[in-house]
Undergrad: 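What follows is a structure written as C-alpha cells; I'll ask about it next.
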Amino acid sequence: MSDENNFDKRLLKWYERTKRDLPWRNTRDPYRIWLSEIILQQTRVEQGLPYYRRFTENYPTVHDLANAPEDEVMKLWEGLGYYSRARNLHSSAKLVSSTMSGAFPDSSEQLQELKGIGPYTANAIASFAFDEDVAVVDGNVHRVLSRIFNVSTPVNSTKGKAEFQALANKLLPTGHSAEFNQAMMEFGALQCKPAPDCTICPFAEMCEAKAQDKISELPVKERKQAKKMRYLNYLMIHNGERTLLQKRTNKDIWQNLHEFLLHESSSEPAGIEELITNIKPLQGPITSDFSIDDRWSSKHILSHQILHVNVWIARSPQASLGSSNDGIFEASLDDVVNKYALPVVLKRFVEEKYKDIVSQ
DNA sequence: AACACGGGGTA
DNA sequence: TACCCAGTGTT
C-alpha cells in the first residue's frame, strides 16, 4: 500500500534534518559498533556516551579489551548496571581476539552466537558494519510502528516480536539498512517518545494511532513483577588502612562486583549481634577484636526491588584483619575506591565515608 | 512463557 | 509511583 511505500522516504528525510552527531555513527569498525550496542542495551544514549568514550580510549581494539583483566573491565563498567553485559563483553572479546583473530562475524545469524548478542544487537551490527538488509527492533521501533500502523499486539509476546520484526523488515529499503535503522531509532528517541508532541510529527496525517486518539495506549506491553524488599547488612571491618572485601558470585544482582562482609535478611536486623552471629568467618579466621565506630544506612530503589542497605563501620586495632578461604580478602582502602568495582550504593557509601575512615 | 538483571531520567 | 531506556540469558 502507498502509505508503507512512502514510509522510508519520509523517515529518512526527517532523519537527515534532525539526527544527532553520535560517535558510533562515524565509524564502520565492527568492534566499536558492537561496543556501543552492548553499552546502549536498556541504556539511554546520554548515560552510555561517557562509558563508550572511556572504553574506546582504554581499549582501542578488541585485542586490548580481550587482554585486559576482568576486574579492570568491571571497574570501567561500574555504575552502568546490568553487569552481565560487561562479563559477556569481555568473554566475547577474548573469543573474537583469539579464535577469530580479531575479525567479528559478518552476518546477523553468526553474530548471535556471541554471548551478549541477541536479535536486536546482531541486526544492529550486521546493518551498521556490513550493510546486511535486516531491520532492528528495539523499544523505539515498537513505539513508532505500533502507533503509525496501529499494532496492538503486545510487544513482549512471541507473536508481537515476530510481527514487529516482519513489519520492520518489510519497510526497510533494500541496500539502505544502516541509515534506515539509525533513522527508526532516532525517530523513536527524539520525536515518537512515550509522551510525544504530535503537532510537529512528519507522520501526523498518516498515523493511525493519532487518528484514533490512541497514542498514549500504544505500544501495548504485558507487565508483571512486584517489587521485593531486601535488607543488605554489611560489616566493614577496617584498620584505617585496609578492609575486608569479597566478590559476589551468586546468581543475583551485582555479580562479580565487590562488597563488604554481608548478612542479608528479610527484615530490619535486630542489631550488630545478628550480623556477628550470621557472618560465618567471624567465628573463625576473621578477627573478632573490633569496635563499632558508626553506622550508615541508605534505601536504594531499583526497578524490581527495594534495597535497605546498612553498613556497620568497625575499627580493628590489629595490623592483620585475617582472611578466610571463603573468598574474603584484605584490600587497601585506596583499591576499594580506585580498583574494585562496587555497586552504586556501596560506592556512594565509600565516597561519603572514605575520608572519615582513613583519618581516624 | 515467565523471570531476573541496574541505574537513571521523566511525567 | 510507574514507566521507560539502542535487550539478553536462564529456567
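The shown structure was predicted, so the numbers you read here are calculated from the model rather than taken from an experiment. Proteins come first, then strands; the chains are lettered A, B, ... in the order of their sequence lines, and each starts at number 1.
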Undergrad: Any base atoms under 4.0 Å from Glu46(A), or only sugar-phosphate, or nothing? Heavy atoms, all strands.
TA: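 Nothing: the residue Glu46(A), judged by heavy atoms under 4.0 Å, touches no strand.
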Undergrad: At under 4.0 Å, does any side-chain N or O of Gln41(A) touch on OP1 or OP2 of dG7(C)?
TA: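 Gln41(A) to dG7(C) OP1/OP2: no side-chain N or O under 4.0 Å.
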Undergrad: Below 3.5 Å, does any donor atom in the side chain of Tyr82(A) face an acceptor in the base of dG6(B), or the other way round?
TA: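 Side chain to base: pair present.
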Undergrad: Under 4.0 Å: is that the gap between some side-chain N or O of Trp24(A) and OP1 or OP2 of dA6(C)?
TA: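 Answer no for this pair, as no side-chain N or O of Trp24(A) is under 4.0 Å from OP1 or OP2.
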Undergrad: With no hydrogens and no angle check, do the side chains of Asn233(A) and Ser265(A) hold a donor and an acceptor under 3.5 Å apart?
TA: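 Side chains of Asn233(A) and Ser265(A): pair found under 3.5 Å.
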Undergrad: Students often get this wrong, so: under 4.0 angstrom with heavy atoms, is Ile39(A) touching a base, only sugar-phosphate, or nothing?
TA: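 Result for Ile39(A) = nothing.
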Undergrad: Classify Ser84(A) by what it touches in the nucleic acid, base, sugar-phosphate, or nothing, heavy-atom distance under 4.0 Å.
TA: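 Answer is nothing: Ser84(A) stays at 4.0 Å or more from every strand.
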Undergrad: Under 3.5 Å, is there a donor on one side chain and an acceptor on the other for Asn88(A) and Ser91(A)?
TA: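 Ser91(A) and Asn88(A) do not have a side-chain donor-acceptor pair below 3.5 Å.
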Undergrad: Could you tell me whether Arg87(A) contacts a base, only the sugar-phosphate backbone, or nothing, with contacts defined as non-hydrogen atoms closer than 4.0 Å?
TA: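 The residue Arg87(A) makes no contact with any strand.
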Undergrad: How is Asp252(A) classified with respect to the nucleic acid when contacts are heavy atoms under 4.0 Å: base, sugar-phosphate, or nothing?
TA: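 Asp252(A): backbone/sugar contact only, no base atoms under 4.0 Å.
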Undergrad: Taking 4.0 Å as the cut-off, does a side-chain nitrogen or oxygen of Ser303(A) come that near to OP1 or OP2 on dG7(B)?
TA: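 Checking Ser303(A) against dG7(B): no side-chain N or O falls below 4.0 Å of OP1 or OP2.
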Undergrad: Select from Ala195(A) and Ile301(A) the residue whose nearest nucleotide in DNA chain B is closer to the 5' end of that strand.
TA: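 The answer here is Ile301(A).
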Undergrad: Is a donor from one side chain sitting under 3.5 angstrom from an acceptor on the other, for Trp296(A) and Glu352(A)?
TA: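 Yes, a side-chain donor-acceptor pair sits under 3.5 Å.
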Undergrad: Base, sugar-phosphate alone, or nothing: which one does Ser36(A) contact when heavy atoms must sit under 4.0 Å apart?
TA: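 Answer is nothing: Ser36(A) stays at 4.0 Å or more from every strand.
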Undergrad: Would you mind reading off the distance between Ile253(A) atom CD1 and dC3(B) atom C1', rounded to a whole angstrom?
TA: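 Whole-Å distance recorded here is 15 Å.
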Undergrad: Using heavy-atom distances to pick each residue's nearest nucleotide on DNA chain B, tell me which of Lys193(A) and Leu80(A) is more 5'.
TA: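 Its nearest nucleotide lies further toward 5', so the answer is Leu80(A).
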Undergrad: Using the P atom on both, measure dC5(B) against dA6(C) and round to a whole Å.
TA: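 That atom pair is separated by 23 Å.
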Undergrad: With no hydrogens and no angle check, just 3.5 Å: does a side-chain donor-acceptor pair link Asn310(A) and Ser297(A)?
TA: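 Yes, Ser297(A) and Asn310(A) have a side-chain donor paired with an acceptor closer than 3.5 Å.
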Undergrad: Ignoring hydrogens and angles, state whether a donor on the side chain of Tyr15(A) or Glu179(A) is under 3.5 Å from an acceptor on the partner side chain.
TA: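 The criterion, which ignores hydrogens and geometry beyond distance, is not satisfied for Glu179(A) and Tyr15(A).
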Undergrad: Could you pick out which residue, Val45(A) or Lys115(A), lies toward the 5' side of DNA chain C when each is mapped onto its nearest nucleotide?
TA: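 The residue closer to the strand's 5' end, by nearest nucleotide, is Val45(A).
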Undergrad: NA contact type, Leu22(A), heavy-atom cut-off 4.0 Å: base, sugar-phosphate, or nothing?
TA: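 The answer is base, as Leu22(A) lies within the cut-off (heavy atoms under 4.0 Å) of a base atom.
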Undergrad: When we call it a touch if two heavy atoms are under 4.0 Å apart, what does Gly79(A) touch: a base, just sugar-phosphate, or nothing?
TA: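 Answer is sugar-phosphate: Gly79(A) comes under 4.0 Å of backbone atoms only.
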Undergrad: For DNA chain C, whose closest nucleotide is more 5', that of Lys251(A) or that of Leu40(A)?
TA: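 Closest to the 5' end, via its nearest nucleotide, is Leu40(A).
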Undergrad: Using the P atoms only, state how far dT10(C) lies from dG6(B), rounded to an integer number of Å.
TA: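 Going atom to atom, P in each nucleotide, I get 14 Å.
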Undergrad: Name the nucleic acid region contacted by His304(A), choosing base, sugar-phosphate or nothing; use a 4.0 angstrom heavy-atom cut-off, strictly under.
TA: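 Base contact - His304(A) has a heavy atom under 4.0 Å of at least one base atom.
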